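Order of the sequence lines fixes the chain letters, A, B, ..., with proteins taken first and strands second; residue numbering starts at 1 for each chain. Predicted, not measured: the structure shown is a model, and the values here were computed from it.
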Amino acid sequence: MKALTREYAARIREYLEPEFAVAESEIQFTIPPNRRYGDLSTTLPFVLAKRMQKKPIEIGRRMVSILSGRFAPMAEVSLAGGGFLNFTLDRRHFLRYLLDTRERRPAARDKRIVVEHTSINPNKAAHIGHLRNACLGDTLARSLKYLGYPVEVQNYIDDTGIQVADVVWGLLHMLRMSPEEICRIDDPAALLWELYAKVSRHLSADPESEKARNRVHQAIEERREPEYGVADWISSRVLEDHIRVMASIGIRYDLLVRERDIIELDFFARAARIMEQKGILYASSDPEKQGCKVIHYRHEDLEKVVIRSNGTATYIAKDLAYTFWKVGRFSEEFPFREFCRYDDGRVVLTTDFRGGDETRDFGPAQRVFNVIDVRQSYLQNIIAQVLEDLDPDGAGGHPFVHFSYEMVALTPRCVRELELPLSAEDENKPWIEVSGRKGIAVKASDLIEQLTVRSREEVDKRNPDLDESSRQDIAVQIAVGALRYFMIKFNARAVIAFDFKDALAFEGDTGPYLQYTLVRLNSILRKLDREAETFVRTDTDPTRLEPAESAEFFDLLLQLADGDNRIESALENQDLSGIANHAFALCQAFNRYYHGYPVVNEPDPMLRSLRIQLLLLVRERLGRLLWLMGIPVPTRM
RNA sequence: GCUCCCGUAGCUCAACGGACAGAGCAACUGACUUCUAAUCAGUAGGCUGGGGGUUCGAUUCCCUCCGGGAGCGCCA
């Protein structure tokens with residue numbers, strides 16, 4: 001559609017040139033809200049009114065008389081609403097164009113992109129907050145791939161932090177387990193889920209145990225046994241669990257980057273040298289920060305401590321080092337080895353300072369997306385500032401993007417349903433922040449399980465003829481569809497106040513609605529068997545459609561044609577909900593159409609062919625949108 | 001105190017500065033001997049938090065006030 005509108009803009013500019021000085025880029029088309037305004041619209045008369053000191057309506061009238069009947073694809077031109085220039089497309093030409101370009105995808109681009117997402121601390125099971133992150137990150141990565149970029153998906157593993165020490169201390173000293181016993185735990189993620197909350201409560205109540213925990217943390221950092229071995233075992237097993245859970249909803253990673261390796265390979269020292277050379281990192285002159293090295297954050301005029309007065313690095317240091325590596329600010333490389341494989345054999349690589357025999361087939365990124373919730377904005381903004389300072393007149397825009405989104409919280413009702421403690425104060429809050437530390441959260445695996453059980457009930461009701469395993473497969477696909485759509489459909493800047501009632505819904509604005517739409521569409525095309533595809537080439541005449549059908553028919557075509565614009569603007573706005581909204585609107589329009597007009601049973605061959613062509617176009621587009629969101633398409637439901 | 005975000009129908013949310021502010025849920029009324037009713041059609045529901053401004057045009061941009069949230073550590 002972009003190619004088409006660009007061509008139209010060029011032609012219009014050419015025709016108007018004798019009387020109106022217009023740049024091609026000023027001729028922007030939108031799809032008007034109603035077919036009675038035509039198919040494409042531009043506000044050109046408004047734009048020129050100011051410049052020419054004339055009324056928009058006069059300019060518009062003149063343009064209509066110049067453009068009327070000038071070139072065929074823009075069949076009609078009219079003026080409405082005081083200055084909207086509305087065009088009606090040649091229906092036959094437009095339909096043919098869409099059929100011919102049906103499988104066209106955006107051209108490949110060479111800007112390499114790294115998307116970092118998920119990045120869950122490996123000391124407990126994943127929860128709904130992490131699911132939002134992973135679903136957004138995965139759809140972001142898929143969208144970028146669809147638009148033609150080479151994309152590598154990285155998952156950052158903070159395996160040296162205090163949270164891992166918390167649970168190691170808990171296992172060794174609260175539960176008094178031996179390392180051998182710990183290695184026999186069969187579901188560590190779930191056990192640690194409970195334990196982490198317990199440890200956190202204990203530590204905040206008892207300063208002595210906090211000291212003991214700190215000794216454990218130090219032991220891990222100094223690679224002393226048994227603490228180090230236990231920490232390594234735990235973080236690896238929990239990480240495997242996260243990867244397995246995410247794989248179950250269609251989310252995959254190319255590379256795991258472990259914080260331990262960044263520390264062992266001393267990447268931060270290299271990053272620090274670069275920053276010091278450029279004066280970005282410097283010794284603070286603030287008496288309170290004597291002996292510290294800091295970065296000045298301009299937006300809030302604050303000095304952020306990066307190296308403490310005792311010479312150790314703060315949290316942001318590792319993130320800076322990691323980011324520098326991502327964008328190739330220094331040439332040192334990690335050793336890589338295989339961490340695990342997906343069912344189809346695809347390998348997930350991990351960094352490993354001890355060495356590895358795998359190579360990573362992906363160079364430094366020209367652009368980095370960090371999918372991290374809004375609470376990390378402060379640090380992420382500092383990193384963005386540093387990267388821009390290092391390359392002030394860098395071509396190609398910002399190399400570092402904090403792909404920010406709001407947190408997931410629980411409604412008070414949800415907390416009550418989970419039988420978690422709820423203070424009187426929390427009772428009146430609009431929502432309660434999710435916290436793995438406090439154990440206030442819905443575990444990802446539990447939510448997926450509940451969704452599967454719920455969808456299984458519906459599947460059983462509707463498909464009694466299917467065997468057990470087919471019904472279960474479908475139930476799982478529907479559960480995944482419901483979950484992934486739910487995590488994408490909200491504006492990224494909106495807090496999701498999680499509630500089981502909304503999340504377990506399968507009707508209306510939900511993933512299953514989209515799935516159902518495509519399943520039905522597919523089942524019609526299946527009735528036509530292989531014959532269906534041949535209709536792409538059939539010469540049809542859409543002017544044969546009755547006006548009511550024609551309006552709906554072209555409504556759908558215009559929405560389809562606008563798809564890539566919607567994907568691009570979702571990325572520009574850093575808000576993927578646009579993709580979900582677009583898919584939902586498309587399904588609504590299709591379901592309405594489908595309800596009114598038979599396809600297979602239509603006796604008139606021309607109408608039948610037209611409707612089949614529409615179905616093929618919707619299938620192509622909708623299938624793509626569902627793929628972008630990671631929503632599977634069952635064979636029936 | 002400083003920085004950022006949010007406020008739209010009873011509830012949950014849409015609307016590149018554009019045309020009469022749209023959906024879903026809930027409520028009510030209808031449509032299955034018909035390509036899947038996880039669907040569709042219809043009714044009802046709005047001073048888009050208040051007040052100024054910019055604009056041909058403001059839910060959208062600017063200012064201000066009110067209400068809600070998050071972040072601001074030599075924690076991670």
Heavy atoms only, 4.0 Å cut-off, all strands: where does Asn381(A) land among base, sugar-phosphate and nothing? nothing
What integer number of Å spans the C1' atoms of rG7(B) and rG46(B)? 15 Å
Assign each of His217(A) and Ala492(A) the nucleotide of RNA chain B bearing its closest heavy atom; nearer the 5' end lies the nucleotide of Ala492(A)
What nucleic acid atoms does Leu379(A) come within less than 4.0 Å of, heavy atoms only: base, sugar-phosphate, or nothing? base
How is Asp301(A) classified with respect to the nucleic acid when contacts are heavy atoms under 4.0 Å: base, sugar-phosphate, or nothing? nothing
Can you tell me which nucleotide in rA76(B), rC72(B), rC4(B) comes closest to the side chain of Leu302(A)? rC72(B)
Look at all strands and tell whether Thr30(A) reaches a base, only sugar-phosphate, or nothing, counting heavy atoms closer than 4.0 Å. base
Pairing check on rA70(B): which nucleotide meets the Watson-Crick or G-U wobble criteria with it, both distances under 3.5 Å? rU3(B)
Do we see Phe84(A) stacking on the base of rA19(B), given a limit of 5.5 Å between centres and 30° between planes? yes
Distance between the P atoms of rC61(B) and rA19(B), in whole angstroms? 16 Å
For Gly161(A), answer base if it contacts any base atom (sugar-phosphate contacts may also be present), sugar-phosphate if it contacts only those atoms, and nothing otherwise; contact means non-hydrogen atoms under 4.0 Å. sugar-phosphate
Look at the side-chain N and O atoms of Tyr513(A) and state whether any lies under 4.0 Å from the OP1 or OP2 oxygen of rC40(B). yes
My understanding is that a pair needs two contacts under 3.5 Å, Watson-Crick or G-U wobble. By that rule, which nucleotide pairs with rG17(B)? none
Categorize Ser41(A) for me: base, sugar-phosphate, or nothing, with a 4.0 angstrom heavy-atom threshold over every strand shown. base
With a 3.5 Å limit on both atom pairs, tell me what rC61(B) is paired to, counting Watson-Crick and G-U wobble, or say none. rG53(B)
Closest nucleotide of RNA chain B for Lys318(A) versus for Pro56(A): which of these residues is on the 5' side? Pro56(A)
Check whether the aromatic ring of Phe46(A) stacks on the base of rG57(B), taking stacking as ring centres less than 5.5 Å apart and planes within 30° of each other. no
Among rC20(B), rA37(B), rA76(B), which is the nearest nucleotide to the side chain of Asn34(A)? rC20(B)
Going by an N to O cut-off under 4.0 Å, is there a salt bridge joining Arg462(A) and Glu458(A)? yes
Ser377(A) near the nucleic acid: base, sugar-phosphate alone, or nothing, with a heavy-atom cut-off under 4.0 Å? nothing
Across the strands shown, which category fits Tyr594(A) at heavy-atom distances under 4.0 angstrom: base, sugar-phosphate, nothing? base
Any N or O donor-acceptor pair linking the side chain of Ser309(A) to the base of rC74(B) at under 3.5 Å? yes
When all nucleic acid strands are considered with a 4.0 Å heavy-atom cut-off, which category describes Tyr378(A): base, sugar-phosphate, or nothing? sugar-phosphate
Quick check for you: among rA76(B), rA38(B), rA19(B), whose closest atom lies nearest to any side-chain atom of Tyr37(A)? rA19(B)
Evaluate whether atom NZ of Lys293(A) has more than 12 neighbouring non-hydrogen atoms of other residues, nucleotides or ligands under 6.0 angstrom away. no
Could you check Tyr315(A), Tyr156(A), Phe400(A) and say which one makes a ring-ring contact (aromatic ring centres under 6.0 Å, His included) with Tyr322(A)? Tyr156(A)
Side chain of Glu259(A) - closest among rC20(B), rA76(B), rA23(B): rA76(B)
Can you tell me, in whole Å, how much space there is between the C1' of rA23(B) and that of rU8(B)? 13 Å
How is Val306(A) classified with respect to the nucleic acid when contacts are heavy atoms under 4.0 Å: base, sugar-phosphate, or nothing? nothing
Taking only the side-chain nitrogens and oxygens of Arg592(A), find out if one of them lies under 4.0 Å from OP1 or OP2 of rC40(B). no
Remember a base hit wins even if backbone is also touched, and classify Glu300(A) as base, sugar-phosphate or nothing at under 4.0 Å, heavy atoms. base
Phosphate oxygens OP1/OP2 of rA76(B): is one of them under 4.0 Å from a side-chain N or O of Arg308(A)? yes
Distance between the C1' atoms of rA38(B) and rC25(B), in whole angstroms? 14 Å
Under 4.0 Å between any heavy atoms, over every strand shown, what does Val164(A) touch: base, sugar-phosphate, or nothing? Just pick one. nothing
Using a heavy-atom cut-off of under 4.0 Å over every strand shown, decide if Glu433(A) touches base, sugar-phosphate, or nothing. sugar-phosphate
OP1 or OP2 of rC6(B) sitting under 4.0 Å from any side-chain N/O of Asn491(A)? no
Closest to the side chain of Phe490(A), out of rA38(B), rC74(B), rC13(B), is rC13(B)
Should rU29(B) form a Watson-Crick or G-U wobble pair with both distances under 3.5 Å, which nucleotide is its partner? rA41(B)
Under 3.5 Å, is there an N or O donor on one side and an acceptor on the other linking the side chain of Asn591(A) and the base of rA38(B)? no
Using the P atom as the point on both nucleotides, what is the distance between rC6(B) and rG49(B), in whole Å? 12 Å
Select base, sugar-phosphate, or nothing to describe what Gln588(A) touches, counting heavy atoms under 4.0 Å on all strands. sugar-phosphate
